[in-house]
Amino acid sequence: MGWSGIRGTNGRVLAAALGVAGVAALASVWTAHAGTADARQAAAERPVKPAASAKPRPIPGQTSVPDAELPAPVVNMDIAHASDKGPRGVNITVDDGPDPEWTPRVLQVLKDNGVKATFCMVGTQARAHPELVKAVVAAGHRLCDHSVTHDTTMNNKSREYQAKEILDAERMITRASGGVRPLYYRAPGGAFTPYSRQLAASRGMRPLGWNVDSEDFKQPGSAALVSTVEKEISNGPTVLFHDAGGDRGQTVEALRQLLPWLKQQGYAFGFPVR
């Protein structure tokens, strides 16, 4: 209500009751109130100047310098190799699945030995076999985003392409698992870029490397796979195997022999650091 509100019949009654001095005083109050309201409205409509961008929070142990123009990492964007079990830890990682023939066999060997592993899944495979993704999660293993199409040249592609490969796979895996998100991102063939590492880390997925490549994709025989891992385990804890992309019978047999051997050597099985 403003000064014009005292006009009309009710206004004349009010004016008569207050007298000239009273009406003048009341008008000044209304005018001041209107001015305050107008100021509040103008302030609400005035464009707000964006605050200065906050610096990304420091992440313990991270050596990479994040790009300030990109989403800030929420986990370490350095490529992980270490084990959460320390110097005598071993991380079993299994790539390219899930596969309806070989993933169940790998799961059974792991179960028989009481070992938890990290499964780096290709998005299209996860979408095609959600029951296997759920089985991996139900058994206490961890999920890793291994891109949509396993393009080992994606480090030479545009940022838009890299983002689509990483984020679409994350969605596919999460949907297939029933809502459990991948905790790591492993670039196919190690084709990381600073951009892909930071993008993954901004989604809570630690970039994941490896120390020992069993080279089971070459199918050299289970004895050769066992020998490779036994010789190279001193290089570091993260060991790479596959549960898709071909016949993985040699991988299953190598795991059957290696897991007890690693325990006998005093190793503890864990997950990659986050």
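Keep in mind that the numbers below use all heavy atoms, side chains included, and drop hydrogens, waters and symmetry copies.
Screening residues 78-99 for salt bridge (Lys or Arg N to Asp or Glu O under 4.0 Å) gives D95-R186 as the qualifying pairs, with residues at least two apart or on separate chains. Applying the salt bridge (Lys or Arg N to Asp or Glu O under 4.0 Å) rule to pairs touching residues 131-149 yields nothing, sequence neighbours excluded.
Listed for the T153 side chain is no donor-acceptor partner under 3.5 Å among the backbone atoms of N156. Q125 contributes no side-chain N or O that, together with a main-chain N or O of G97, makes up a donor-acceptor pair within less than 3.5 Å. With hydrogens and angles disregarded, a donor-acceptor distance shorter than 3.5 Å links the side chain of R274 to the backbone of G204. Without hydrogens or angle criteria, R127 side chain to G123 main chain gives no donor-acceptor distance under 3.5 Å. Listed for the Q198 side chain is no donor-acceptor partner under 3.5 Å among the backbone atoms of M77. Remark: side-chain polar atoms of S196 are paired, donor with acceptor, to backbone N or O of T193 under 3.5 angstrom.
Contact detail for S64 and R197: the closest heavy-atom pair is OG-NH1, 3.1 Å. Among all heavy-atom pairs drawn from H81 and N211, the shortest one is O-OD1, 3.2 Å. When every heavy atom of A126 is checked against every heavy atom of A176, the shortest pair comes out as O-CB, 3.3 Å. Contact detail for D243 and W102: the closest heavy-atom pair is O-CB, 3.3 Å. When all heavy atoms of L199 and A163 are compared, the pair lying nearest together is CD2-CA, 3.6 Å. Contact record, G189 with W210: C-CH2, 4.0 Å, taken as the closest heavy-atom pair.
Counting heavy atoms from C-beta outward, M154 and I166 have side chains that approach closer than 4.5 Å. Taking the side chain as every heavy atom from C-beta outward, L70 and S202 never approach each other to under 4.5 Å. The shortest side-chain heavy-atom distance between V212 and L240 does not fall under the 4.5 Å cut-off. The side-chain heavy atoms of I59 and V75, taken from C-beta on, include no pair separated by under 4.5 Å. A 4.5 Å side-chain heavy-atom check between V136 and L143 finds at least one atom pair inside the cut-off. In this structure the side chain of F119 reaches within 4.5 angstrom of the side chain of L107, judged on heavy atoms. Side chains of Q250 and F241 form no contact here, defined as non-hydrogen atoms less than 4.5 Å apart. Inter-residue side-chain proximity for N113 and R256 is flagged as unmet; no heavy-atom pair is nearer than 4.5 Å.
Taken together through direct or relayed side-chain contacts under 4.5 Å among Ile, Leu, Val, Met, Phe, Trp and Tyr, V148 and M205 form parts of separate hydrophobic clusters. When hydrophobic clusters are built by joining Ile, Leu, Val, Met, Phe, Trp and Tyr residues whose side-chain heavy atoms come closer than 4.5 Å, directly or via intermediates, L259 is grouped together with Y267. Hydrophobic clustering (side-chain heavy atoms under 4.5 Å, transitive across Ile, Leu, Val, Met, Phe, Trp, Tyr) groups V115 together with V252. Linking ILVMFWY side-chain heavy atoms closer than 4.5 Å, directly or via other members, places V122 and V133 in two distinct hydrophobic clusters. Residues L110 and V226 fall within the same hydrophobic cluster, defined by Ile, Leu, Val, Met, Phe, Trp and Tyr side chains chained together at heavy-atom separations under 4.5 Å.
Within the model, atoms OG of S227 and CD of Q257 stand 11.0 Å from one another, a figure rounded to the nearest 0.5 Å. Rounding to the nearest 0.5 Å gives a distance of 11.0 Å between CD of Q162 and CG of L167. Here S147 contributes atom OG and Y185 contributes atom OH; the two are 6.0 Å apart, rounded to the nearest 0.5 Å. With values rounded to the nearest 0.5 angstrom, T63 atom OG1 is found 10.0 Å from I79 atom CD1. Atoms CD and CG, from E215 and L225 in turn, are 9.0 Å apart once rounded to the nearest 0.5 Å. Here the straight-line distance linking atom OG of S177 with atom CE of M172 works out to 13.5 Å at 0.5 Å rounding.
When each of T118, N91, D213 is paired with T238, the side chain to side chain donor-acceptor pair (under 3.5 Å) condition holds for N91 and for no other. For the salt bridge (Lys or Arg N to Asp or Glu O under 4.0 Å) with E170, the lone residue among R181, K164, R175 that qualifies is R181.
Under the 3.5 Å distance criterion, with hydrogens and angles disregarded, a donor-acceptor pair is assigned to the side chains of H242 and D216.
Clustering of Ile, Leu, Val, Met, Phe, Trp and Tyr side chains at separations under 4.5 Å leaves L132 isolated, with no partner residue.
By the salt bridge (Lys or Arg N to Asp or Glu O under 4.0 Å) test, D67 pairs with R159, sequence neighbours left out. In terms of the salt bridge (Lys or Arg N to Asp or Glu O under 4.0 Å) criterion, E165 has no residue partners (sequence neighbours excluded). With sequence neighbours left out, E101 forms a side chain to side chain donor-acceptor pair (under 3.5 Å) with no residue at all.
Aromatic rings of Y184 and F271 (six-membered ring for Trp) have centroids beyond the 6.0 Å cut-off, not under it.
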Next item on the list: Check the pair L258, E230 against side-chain contact (heavy atoms from CB on, under 4.5 Å), reporting the backbone distance first and the verdict last.
Entry: CA-CA 8 Å; L258 279 167; E230 289 180 350; 3.9 Å; yes
